[in-house]
Amino acid sequence: MTTRVRFAPAPTGFLHVGSARSALFNWLYAESTGGEMILRIEDTDAALRKPEFIDAIVKPLTALGITWAEGPYYQSQRKQFHVDAVEQLVQSGHAYYCNLTRDAADALASDAGLPSGYHGWSRDKGIEDGPDCVVRFRTPDEGEIVIHDIIRGEVRFKNAELEDFVIRRSDGSPTFLVANAVDDADMGITHVIRGEDLLNTTPKVMLLWDALDLGDKPQYAHLPLLVNAQRKKLSKRRDDVSLMEFLSKGYLPEAMVNHLALLGWGPPDDKEIRPIGEIIELFKLENVNKGSAFFDVTKLDHINGEYIRALPVERFIELAEPFVYGVDTDIPWDAANYDPEVFAMVAPDVQQRVSTLAEIPHFIAWLFMDEVPYDLESKAWNKAMRKGKMTPEILDGILSAFGDVEWTGDAMNAAVGEVGDRLEARSQVPARVAITGTNAGIPLWDAAATIDREIVLQRLRAARALL
RNA sequence: GCCCCCAUCGUCCAGCGGCCUAGGACGCCUGCCUUUCACGCAGGUAACACGGGUUCGAAUCCCGUUGGGGGUGCCA
């Protein structure tokens with residue numbers, strides 16, 4: 001039997017990295033077993049039915065290279081099947097109408113000294129359907145339901161502890177629990193792979209499955225949650241988790257996928273950074289961890305840096321475009337000053353110094369700005385310009401040498417070296433700080449030779465004046 | 001409160017009863033390379049939560065404790 005998995009997000013705005021990880025693991029499982037994945041949008045709640053939310057799911061998945069064989073299907077478009085299923089459950093006595101609001105049910109519970117929750121108040125009351133009625137599923141009073149989870153092993157729930165949950169809202173719309181069972185059955189889903197936060201809903205779906213007589217159940221696998229530094233489930237509200245945001249900040253899709261694959265799973269040979277094809281080959285659902293994983297951007301930065309350095313330089317230049325032309329980010333220089341040929345020249349040096357594409361402008365800004373800012377409070381300035389008392393003499397020396405030096409990297413370098421030798425001081429770093437504004441960066445002189453002599457002289461004078 | 005899940009370096013992953021004086025990666029530190037920084041290279045730091053079992057033998061199996069997390073909606 002070929003495996004069929006589904007990625008079934010609720011359309012609640014941008015896709016976050018946790019959902020992306022779920023999608024990825026479904027996809028990895030499908031790819032590694034020669035099966036297929038379908039995409040299904042779980043929009044049974046009317047509030048979630050917004051077309052822009054669909055784009056927010058499809059675009060990032062596509063960007064990551066996660067593909068699906070069918071869909072997107074919309075649960076909202078399958079509503080009639082779900083309504084029929086609810087009707088069937090009422091008919092067969094598995095479900096009943098209830099006209100209590102949540103507040104009323106809680107009040108009854110507290111009056112009766114029972115723990116909060118719904119205690120089957122409307123069971124067997126012969127309540128007729130009406131405008132304010134919901135339909136609740138009658139959970140068995142005895143017995144237990146056992147999930148054979150591929151990742152977690154056996155998980156047991158006592159039926160008596162499951163309350164009679166709502167399967168149809170008072171507006172007539174069935175809830176996702178019904179839709180889940182019906183759609184998974186109709187779509188021939190063999191494996192349900194999703195976050196651990198849904199583990200508690202699984203017994204309810206299984207109960208519905210049996211009551212509707214839907215046949216063989218899928219196998220379940222509940223993935224460990226992705227958490228923040230406080231070990232809380234990643235949340236859109238408090239954490240920086242938009243997948244698209246990461247991509248537009250200069251993280252490469254391949255690096256993102258590689259990093260995500262490493263959260264909750266690892267290759268048996270300890271080789272972490274590798275092509276997706278190898279990951280598919282090695283991926284085993286049963287080897288996925290149980291413990292939650294911290295989404296560590298520091299590690300992502302490293303992986304992303306590795307991927308960037310591995311790029312052919314032409315590709316690097318291509319990918320850099322939005323960042324050097326200010327399409328998605330601000331650039332610190334006047335756009336008219338930007339020279340793609342200069343960037344192409346220094347690109348290999350930049351490429352091995354950035355961990356995200358967004359860092360590119362930082363390394364080349366001094367090539368396209370008229371003046372560079374000096375941060376007199378910075379460690380760079382203090383270390384290079386203040387500590388050595390020869391600095392004014394060094395800059396004066398360079399200034400006079402640069403008046404008529406041949407304007408090539410080699411000649412400039414040699415001239416600065418001579419100044420240093422003559423004064424018995426290190427002249428390179430002060431020159432770099434004066435010209436670029438900082439003490440760290442790409443090889444200096446060939447790049448500096450692309451700037452007009454007068455601009456370089458101005459910077460040297462400006463820095464000299466601050467000493 | 002109740003239900004469920006989890007527990008190896010700060011972080012991610014390896015370990016599936018003897019190969020473990022616990023391995024790799026990120027981070028951090030040191031050194032080498034280098035006219036800066038980075039890359040690269042060579043080292044270092046650092047963990048089996050605790051207590052009981054089971055076993056000739058436990059990071060690995062079982063129970064408990066503690067700690068963390070998830071759920072507890074007419075959201076999914």
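Below, chains carry the letters A, B, ... as their sequence lines are ordered, and counting in each starts from 1.
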Margin query: Heavy atoms only, 4.0 Å cut-off, all strands: where does A:Gly291 land among base, sugar-phosphate and nothing?
Written below: sugar-phosphate
Next item on the list: With the side chain of A:His302 defined as its heavy atoms from C-beta on, choose the nearest nucleotide among B:rC12, B:rC26, B:rG69.
Entry: B:rC26
Next item on the list: Assign A:Asn228 to base, sugar-phosphate, or nothing according to its heavy-atom contacts below 4.0 angstrom with the strands shown.
Entry: nothing
Notebook entry, point to check: With sugar-phosphate meaning primed atoms plus P, OP1 and OP2, does A:Asn439 contact a base, only sugar-phosphate, or nothing at under 4.0 Å between heavy atoms?
Noted result: base
Next item on the list: Looking at every strand, decide which applies to A:Arg168 at a 4.0 Å heavy-atom threshold: base, sugar-phosphate, or nothing.
Entry: nothing
Check: Distance check: side-chain N/O of A:Arg194 vs OP1/OP2 of B:rG70, anything under 4.0 Å?
Finding: no
Note to self: Of the listed nucleotides (B:rC3, B:rC74, B:rA25), which one gets closest to any side-chain atom of A:Asn200?
What the structure shows: B:rC3
Note to self: Need one value for A:Phe176: base, sugar-phosphate or nothing, where a base atom within 4.0 Å counts as base even if backbone is also close, heavy atoms only.
What the structure shows: base
Next item on the list: Inspect the surroundings of NZ in A:Lys271 and state if more than 12 heavy atoms from other residues, nucleotides or ligands are less than 6.0 Å away.
Entry: yes
Check: Do the ring planes of A:Phe402 and A:Trp445 sit parallel (below 30°), tilted (30 to 60°) or perpendicular (above 60°)?
Finding: perpendicular
Margin query: For a quick check of understanding: with a heavy-atom distance under 4.0 Å over all strands, which category does A:Leu198 fall into, base, sugar-phosphate or nothing?
Written below: base
Notebook entry, point to check: Hey, does A:Asn289 reach any base, or is it just sugar-phosphate, or nothing, if we go heavy atoms under 4.0 Å?
Noted result: sugar-phosphate
Next item on the list: Provide, to the nearest angstrom, the distance between the CD1 atom belonging to A:Ile150 and the P atom belonging to B:rC5.
Entry: 17 Å
Next item on the list: Would you indicate what A:Phe157 reaches in the nucleic acid, counting non-hydrogen atoms under 4.0 angstrom: base, sugar-phosphate, or nothing?
Entry: sugar-phosphate
Item checked: C1' gap between B:rC9 and B:rC20, integer Å -> 15 Å
Margin query: Ring-plane angle category for A:His94 and A:Phe137, please: parallel below 30°, perpendicular beyond 60°, tilted otherwise.
Written below: parallel
Notebook entry, point to check: Do A:Glu196 side-chain and B:rG71 base share a donor-acceptor contact under 3.5 Å?
Noted result: no
Notebook entry, point to check: A:Asp421 has an atom CG; how far is it from atom C1' of B:rU35, in whole Å?
Noted result: 11 Å
Next item on the list: For B:rA22 versus B:rA49, give the span between their P atoms, rounded off to a whole number of Å.
Entry: 15 Å
Next item on the list: Ignoring the backbone of A:Arg353, work out which of B:rC12, B:rC37, B:rA25 is nearest its side chain.
Entry: B:rC37
Item checked: Whole angstrom value for the distance that separates C1' of B:rU35 from CD1 of A:Ile394 -> 13 Å
Next item on the list: Measure from the side-chain heavy atoms of A:Gln352 and tell me the nearest of B:rC39, B:rA76, B:rG40.
Entry: B:rC39
Item checked: Euclidean distance for C1', B:rA58 against B:rC48 (whole angstrom) -> 11 Å
Next item on the list: Looking at every strand, decide which applies to A:Lys158 at a 4.0 Å heavy-atom threshold: base, sugar-phosphate, or nothing.
Entry: nothing
Notebook entry, point to check: Which nucleotide in the set B:rC74, B:rC5, B:rA76 lies at the smallest distance from any side-chain heavy atom of A:Glu42?
Noted result: B:rA76
Check: Which part of the nucleic acid does A:Ile442 contact within heavy-atom distance under 4.0 Å: base, sugar-phosphate only, or nothing?
Finding: base
Note to self: I want to verify a distance call: between B:rC74, B:rA7, B:rG24, whose nearest atom is closest to the A:Arg102 side chain?
What the structure shows: B:rC74
Check: More 5' along RNA chain B: A:Ser116 or A:Phe363, using each one's nearest nucleotide?
Finding: A:Ser116
Margin query: What's the closest nucleotide to the side chain of A:Leu225 if the choices are B:rC12, B:rC5, B:rG70?
Written below: B:rG70
Next item on the list: Assign A:Gly417 to base, sugar-phosphate, or nothing according to its heavy-atom contacts below 4.0 angstrom with the strands shown.
Entry: nothing
Next item on the list: Give a yes/no on whether any side-chain N or O of A:Ser292 is located under 4.0 angstrom from OP1 or OP2 of B:rG70.
Entry: no
Checklist line | Check ion pair A:Asp55-A:Lys50 (N to O, under 4.0 angstrom) | finding: no
Next item on the list: With the side chain of A:Asp197 defined as its heavy atoms from C-beta on, choose the nearest nucleotide among B:rG71, B:rG23, B:rC3.
Entry: B:rG71
Next item on the list: Using only side-chain N and O atoms of A:Lys299, determine if any of them is under 4.0 Å from OP1 or OP2 of B:rU11.
Entry: no
Check: Within the pair A:Arg136 and B:rC74, is there a side-chain N or O less than 4.0 Å away from OP1 or OP2?
Finding: yes
Next item on the list: Could you check how far NE2 of A:His148 sits from P of B:rC5, rounded to whole Å?
Entry: 14 Å
Next item on the list: Give one of base, sugar-phosphate or nothing for A:Glu306, where a contact means two heavy atoms less than 4.0 Å apart.
Entry: sugar-phosphate
Item checked: Atom-pair distance (CZ on A:Arg152; C1' on B:rC3), nearest Å -> 15 Å
Item checked: Side chain of A:Lys290 - closest among B:rC37, B:rG40, B:rA7 -> B:rA7
Next item on the list: Would you mind classifying the nucleic acid contact of A:Ala440 as base, sugar-phosphate or nothing, using non-hydrogen atoms under 4.0 angstrom?
Entry: base
Note to self: Which is more 5' along RNA chain B, the nucleotide nearest A:Leu263 or the one nearest A:Ala10? Just name the residue.
What the structure shows: A:Leu263
Next item on the list: Can you tell me, in whole Å, how much space there is between the P of B:rG68 and that of B:rG15?
Entry: 28 Å
Check: Among A:Arg194, A:Lys217, A:Arg78, A:Arg40, whose salt bridge (charged side-chain N to carboxylate O under 4.0 Å, His left out) with A:Asp184 holds?
Finding: A:Arg40
Next item on the list: Please measure how far the C1' atom in B:rG51 lies from the corresponding atom in B:rU45, and state the result in whole Å.
Entry: 30 Å
Notebook entry, point to check: Do A:Lys236's NZ or CZ and the ring of A:Phe14 fall within the cation-pi criteria of under 6.0 Å and 45°?
Noted result: yes
Next item on the list: Verify, without hydrogens or angle tests, whether A:Arg459 (side chain) and A:Ile435 (backbone) share a donor-acceptor contact under 3.5 angstrom.
Entry: yes
Checklist line | Sugar-phosphate only, base, or nothing, as touched by A:Val134 at under 4.0 Å among non-hydrogen atoms | finding: base
Check: Which listed nucleotide (B:rC26, B:rC5, B:rC12) is nearest to the side chain of A:Thr298?
Finding: B:rC26
Next item on the list: Please state whether the rings of A:Tyr220 and A:His222 are parallel, tilted or perpendicular, taking 30° and 60° as the class boundaries.
Entry: parallel
Notebook entry, point to check: Across all strands shown, which nucleotide pairs with B:rC26 by Watson-Crick or G-U wobble geometry, both distances under 3.5 Å?
Noted result: B:rG10
